[in-house]
Peer 1: 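The structure's right below; bear with me while I get my questions together.
This one's a predicted model, so the numbers in the text were calculated from it and none came from an experiment.
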Amino acid sequence: MAPAVPTTMDRPHFIGIGGAGMSGIAKILAQRGAAVAGSDAKESATAGALRELGATVHIGHAAGHLAEDASCVVVSSAIRADNPELAAAAERGIPVVHRSDALARLMDGLRPIAVAGTHGKTTTTSMLAVSLDALGLDPSYAIGGDLDGPGSNARHGGGEIFVAEADESDRSFHKYAPEVAIILNVELDHHANYASMDEIYESFETFVGRIRPGGTLVVSADQAGARELTARVSGRHDIEIVTYGEAEDADVRVLKVTPRGLASEVTILLNGKMLTFAVSVPGRHYALNAVAALAAGVALGIPAHNLASALGKYTGVKRRLQLKGEANGVQVIDSYAHHPTEMTADLEAIRGAAAGSRVLVVFQPHLFSRTQELGTEMGQSLALADGSVVLDIYPAREDPIPGITSALIIDAAGKAGADVRAEHDMAAVPDVIAGMARPGDLVLTMGAGDVTDLGPKILARLEN
């Protein structure tokens, strides 16, 4: 079993402790008994949840926040070199640990399942965490989103399985050594770090090379990039490769996905036997994520029928087609989708669940670099909606790129036949949607930035 706290991480300081990935590691360390501290740019429910575990959380960044006895400083790739706490660590000779290295240390001595892919990681990881927990296996997990409340993105369990979301964006997933790896899809994204598909393939090949001998790769048989990757790694004979999907040559073949309102039912063929189970979120892509989760569990020796039943207990993760509420007959749903493939998949899923109702979208582009490379495709995805409001680009960690604005998306959407308008003032969006929506409509707030904050405000405006 894993040690209670990895060496040198008994008094860690996290810069950006409220972030999805950072807070999960901090939570697990706190649950293992470490004296956790850290800072974040603003107050949040996640910061409060960490304090309830005994962590010290400062708001704002200052050198004085770094305790004299800090054993290490944990950072993510989003932390800039001029951060005052990072500079203080360098001056005092305190070791700096990247988030991925910290997570890798937490997996030592356990049986890790690492979930990778350009999109779908959070959903698939949470499906595994929920289903394994429902089976009494008490897994540890670190997820890029909250399951049912602030701080629920991670847990230190007493079992031998550790389920982790493996982030390819900065190549940090090269640090992990999983017993089972899932690769959901391989597409070009994170343009600040990858210049071409060849670089993407090389990065995923390195990740596959990290699978422990005797382990298993679970990989999509449907998505073109995943199939190409499978061909590239097929020469590795010390691991088992299990493909899944609707393709006829899939090892775990999906025979049918049946919509059931905001849920679905999936039938698969596994080892010559048919198996049907429920997935409590809508859409074909979420059903396929569930099949990937099932295949990974089977690779660890868990009976398929047990996993199928447990997967039915999964009710979603925050921001993955999460129903925020209903007001005056209008449902408001939140989506984290920010890549064109994700946007199309979520819009198709909502279309399937809408039963003829109109679908309205409030979309916030995420990152200037992503908009520069994929803005046209984002606009084309919005043609699946009956009406869209496009906000300004959410910069996150990036500086603006001259000439790159939301207009790129809006122009492409208009050319694709979309009914789309720009809105530069987020505060005006609830009024705008109230003027567009009518009873029976579905409103989708979509994007990886703070567009998620609009859901409750739209609902309150609709109530009035």
Peer 1: Give me the atom names and distance for the closest heavy-atom approach of Ala250 to Thr243.
Peer 2: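 Between these two residues, the closest heavy atoms are CA-OG1, 3.5 Å.
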Peer 1: Measure the spacing between CG of Asp249 and CZ of Arg227 and express it to the nearest 0.5 Å.
Peer 2: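 Going from CG on Asp249 over to CZ on Arg227, the span is 4.0 Å.
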Peer 1: Please determine whether a side-chain nitrogen of the Lys or Arg among Lys175 and Asp170 lies less than 4.0 Å from a carboxylate oxygen of the Asp or Glu.
Peer 2: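 Salt bridge flag = no for Asp170 with Lys175.
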Peer 1: Answer yes or no: is there an ion pair linking Arg236 with Glu205, defined by an N-O contact shorter than 4.0 Å?
Peer 2: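 So Arg236 does not pair with Glu205 through a salt bridge.
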Peer 1: Hey, could you give me the CD1/CD1 distance between Ile17 and Ile59, rounded to the nearest 0.5 Å?
Peer 2: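 Spacing of CD1 (Ile17) from CD1 (Ile59) equals 9.5 Å.
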Peer 1: Checking side-chain hydrogen bond (donor to acceptor under 3.5 Å, both in side chains) for the pair His338/Gln364: CA distance, chi angles, key distance, verdict?
Peer 2: CA-CA 8 Å; His338 51 280; Gln364 182 186 52; over 6 Å; no
Peer 1: Can Thr122 and Glu165 be counted as having a side-chain donor-acceptor contact under 3.5 angstrom?
Peer 2: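 Yes, Glu165 and Thr122 have a side-chain donor paired with an acceptor closer than 3.5 Å.
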Peer 1: Measure from the side-chain N and O atoms of Asn153 to the backbone N and O of Ala20, and report whether any donor-acceptor pair falls under 3.5 Å.
Peer 2: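 Confirmed, Asn153 side chain pairs with Ala20 backbone.
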Peer 1: One pair to check against side-chain contact (heavy atoms from CB on, under 4.5 Å): Val279 and Asn289. What are the steps and the verdict?
Peer 2: CA-CA 10 Å; Val279 180; Asn289 290 344; over 6 Å; no
Peer 1: Look up atom CG in Leu255 and atom CZ in Arg253, then write down how far apart they are to the nearest 0.5 Å.
Peer 2: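 Here the interatomic distance stands at 6.0 Å.
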Peer 1: Check whether any side-chain heavy atom of Ser39 lies under 4.5 Å from a side-chain heavy atom of Glu85, and answer yes or no.
Peer 2: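 Side-chain contact under 4.5 Å: yes.
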Peer 1: Does the side chain of Thr118 pick up a donor-acceptor pair with the side chain of Glu168 at under 3.5 Å?
Peer 2: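 Judged by distance alone, the side chains do not pair up.
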Peer 1: Looking only at heavy atoms, which two atoms of Ser140 and Gly157 are closest? And how far apart?
Peer 2: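 Looks like OG-N, 2.8 Å.
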Peer 1: Is the backbone N or O of Gln223 less than 3.5 Å from a side-chain atom of Asn185, with the two atoms forming a donor-acceptor pair by type?
Peer 2: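 No; judged by distance alone, with no hydrogens or angles, the pair does not exist.
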Peer 1: Contact between Leu382 and Val390 at the side-chain level, heavy atoms closer than 4.5 Å - yes or no?
Peer 2: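 SC-SC contact between Leu382 and Val390 confirmed.
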Peer 1: Shortest non-hydrogen contact from Ile410 to Ala422?
Peer 2: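 Nearest heavy atoms, Ile410 then Ala422: CD1-CB, 3.3 Å.
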Peer 1: Applying side-chain contact (heavy atoms from CB on, under 4.5 Å) to Phe277 and Leu294, what does each step give before you reach the verdict?
Peer 2: CA-CA 11 Å; Phe277 60 98; Leu294 184 142; 4.0 Å; yes
Peer 1: Does Thr206 reach the main-chain N or O of Glu202 with its side chain, forming a donor-acceptor pair under 3.5 Å?
Peer 2: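 Present.
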Peer 1: Is the distance from the ring center of Phe207 to that of Tyr176 below 6.0 Å?
Peer 2: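 Judged by ring-centre distance (under 6.0 Å), Phe207 and Tyr176 do not meet the cut-off.
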Peer 1: Side chains of Ser77 and His98 only: does a donor on one sit below 3.5 Å from an acceptor on the other?
Peer 2: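 Ser77 vs His98: donor-acceptor pair found between side chains.
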Peer 1: Take Glu463 and Lys457 through the salt bridge (Lys or Arg N to Asp or Glu O under 4.0 Å) test and state the conclusion after the steps.
Peer 2: CA-CA 10 Å; Glu463 286 281 6; Lys457 297 173 184 177; over 6 Å; no
Peer 1: When you measure from the side chain of Asn464 to the backbone of Ala460, do you find a donor-acceptor pair of N or O atoms at a distance under 3.5 Å?
Peer 2: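 Pair found, side chain donor or acceptor close to backbone of Ala460.
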Peer 1: Picking from Leu270, Val266, Leu311, what satisfies side chain to side chain contact (heavy atoms under 4.5 Å, CB included) with Val291?
Peer 2: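 In the set Leu270, Val266, Leu311, the residue that makes a side chain to side chain contact (heavy atoms under 4.5 Å, CB included) with Val291 is Val266.
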Peer 1: Should Glu179 and Arg210 count as an ion pair when the cut-off is N to O under 4.0 Å?
Peer 2: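 So Glu179 does not pair with Arg210 through a salt bridge.
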Peer 1: Looking only at atom types and distance, does a side-chain atom of Lys27 sit under 3.5 Å from a main-chain N or O of Ser23, one as donor and one as acceptor?
Peer 2: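 Pair absent, no side-chain N/O of Lys27 close to backbone of Ser23.
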Peer 1: Between Thr276 and Glu265, do the side chains contain an N or O donor and an N or O acceptor separated by less than 3.5 Å?
Peer 2: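 Thr276 vs Glu265: no donor-acceptor pair found between side chains.
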Peer 1: Is the shortest distance from a Lys or Arg side-chain nitrogen in Lys42 or Asp450 to a carboxylate oxygen in the other one below 4.0 Å?
Peer 2: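 The answer is no: the pair does not qualify as a salt bridge.
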Peer 1: Using every non-hydrogen atom in the two residues, find where Val281 and Met127 come nearest and quote the distance to one decimal.
Peer 2: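 Smallest interatomic distance, heavy atoms only, reads CG2-CE, 4.2 Å.
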Peer 1: Salt bridge check, Arg421 against Glu423: does any charged N sit closer than 4.0 Å to a carboxylate O?
Peer 2: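 Salt bridge flag = yes for Arg421 with Glu423.
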Peer 1: Can you measure from OG1 (Thr216) to CD1 (Ile239) and round to the nearest 0.5 angstrom?
Peer 2: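 So the OG1 of Thr216 and the CD1 of Ile239 are separated by 8.0 Å.
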Peer 1: Run the numbers on Leu275 and Thr267 for side-chain contact (heavy atoms from CB on, under 4.5 Å), then give the verdict.
Peer 2: CA-CA 6 Å; Leu275 182 64; Thr267 299; over 6 Å; no
Peer 1: Could you tell me whether the side chain of Gln331 reaches within less than 4.5 Å of the side chain of Val443, counting heavy atoms only?
Peer 2: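 No - every pair of side-chain heavy atoms lies 4.5 Å or more apart.
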Peer 1: Could you measure the distance from the CD1 atom of Ile404 to the CZ atom of Arg370? Nearest 0.5 Å is fine.
Peer 2: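 Answer rounded to 0.5 Å: 14.0 Å.
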Peer 1: If only atom types and distance count, is the side chain of Ser280 paired as donor or acceptor with the main-chain N or O of Gly312 below 3.5 Å?
Peer 2: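 Confirmed, Ser280 side chain pairs with Gly312 backbone.
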Peer 1: Just verifying a value: how many Å separate Gln322 CD and Ile333 CD1, rounded to the nearest 0.5 Å?
Peer 2: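 If we round to the nearest 0.5 Å, Gln322:CD and Ile333:CD1 are 10.0 Å apart.
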Peer 1: Is the closest side-chain heavy-atom distance between Phe363 and Val389 below 4.5 Å?
Peer 2: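 Not in contact.
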Peer 1: Checking Asp334 against Thr452: is there a side-chain donor and acceptor pair closer than 3.5 Å?
Peer 2: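 Short answer, yes.
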Peer 1: Is a donor on one side and an acceptor on the other found under 3.5 Å between the side chain of Arg155 and the backbone of Pro139?
Peer 2: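 Judged by distance alone, yes, a pair lies under 3.5 Å.
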Peer 1: Determine, step by step, whether Arg80 and Asn83 satisfy the side-chain contact (heavy atoms from CB on, under 4.5 Å) criterion, reporting the C-alpha distance in whole Å, the side-chain angles of both residues, the deciding distance to 0.1 Å, and the verdict.
Peer 2: CA-CA 6 Å; Arg80 294 178 181 257; Asn83 181 281; 5.5 Å; no
Peer 1: Between Phe368 and Pro395, is there a side-chain heavy-atom distance shorter than 4.5 Å?
Peer 2: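 Yes, at least one pair of side-chain atoms sits under 4.5 Å.
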Peer 1: Hey, are Glu377 and His339 close enough side-chain-wise for a donor-acceptor pair under 3.5 Å?
Peer 2: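 No.
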Peer 1: For residues Ile200 and Glu187, determine if any side-chain heavy atom of one lies less than 4.5 Å from a side-chain heavy atom of the other.
Peer 2: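 Sidechains of Glu187 and Ile200: no contact.
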Peer 1: Answer yes or no: is there a donor N or O on one side and an acceptor on the other, between the side chain of Arg358 and the main chain of Asp441, under 3.5 Å?
Peer 2: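 Looks like no, no N/O pair under 3.5 Å.
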Peer 1: If you measure only the distance, is there a donor-acceptor pair under 3.5 Å linking the side chains of Asp167 and Ser169?
Peer 2: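 Side chains of Asp167 and Ser169: pair found under 3.5 Å.
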Peer 1: Closer than 4.0 angstrom, basic N to acidic O: yes or no for Arg351 and Asp346?
Peer 2: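 Salt bridge: no.
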Peer 1: Would a distance-only check, ignoring hydrogens and angles, find a side-chain to backbone donor-acceptor pair under 3.5 Å from Thr123 to Gly120?
Peer 2: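 Not confirmed, Thr123 side chain does not pair with Gly120 backbone.
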Peer 1: Looking only at heavy atoms, what is the nearest atom pair of Arg284 and Asp222, with distance?
Peer 2: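 Of all heavy-atom pairs spanning Arg284 and Asp222, the closest is NH2-OD2, 4.0 Å.
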Peer 1: Which atom names give the shortest non-hydrogen contact between Ala292 and Ile182, and what distance separates them?
Peer 2: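 Looks like O-CD1, 3.8 Å.
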Peer 1: Does the side chain of Ser381 come under 3.5 Å of the side chain of Thr344 through a donor N or O and an acceptor N or O?
Peer 2: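 Ser381 vs Thr344: donor-acceptor pair found between side chains.
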Peer 1: Is a donor from one side chain sitting under 3.5 angstrom from an acceptor on the other, for Ser264 and Tyr286?
Peer 2: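 Checked: Ser264/Tyr286 side chains show no N/O donor-acceptor pair below 3.5 Å.
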Peer 1: Taking side chain as C-beta onward, heavy atoms only, is Val451 less than 4.5 Å from Leu391?
Peer 2: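 Yes, their side chains come closer than 4.5 Å.
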Peer 1: Heavy atoms, side chains only, cut-off 4.5 Å: are Val115 and Leu184 in contact?
Peer 2: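 The answer is yes, as the side chains (C-beta and beyond) meet within the 4.5 Å cut-off.
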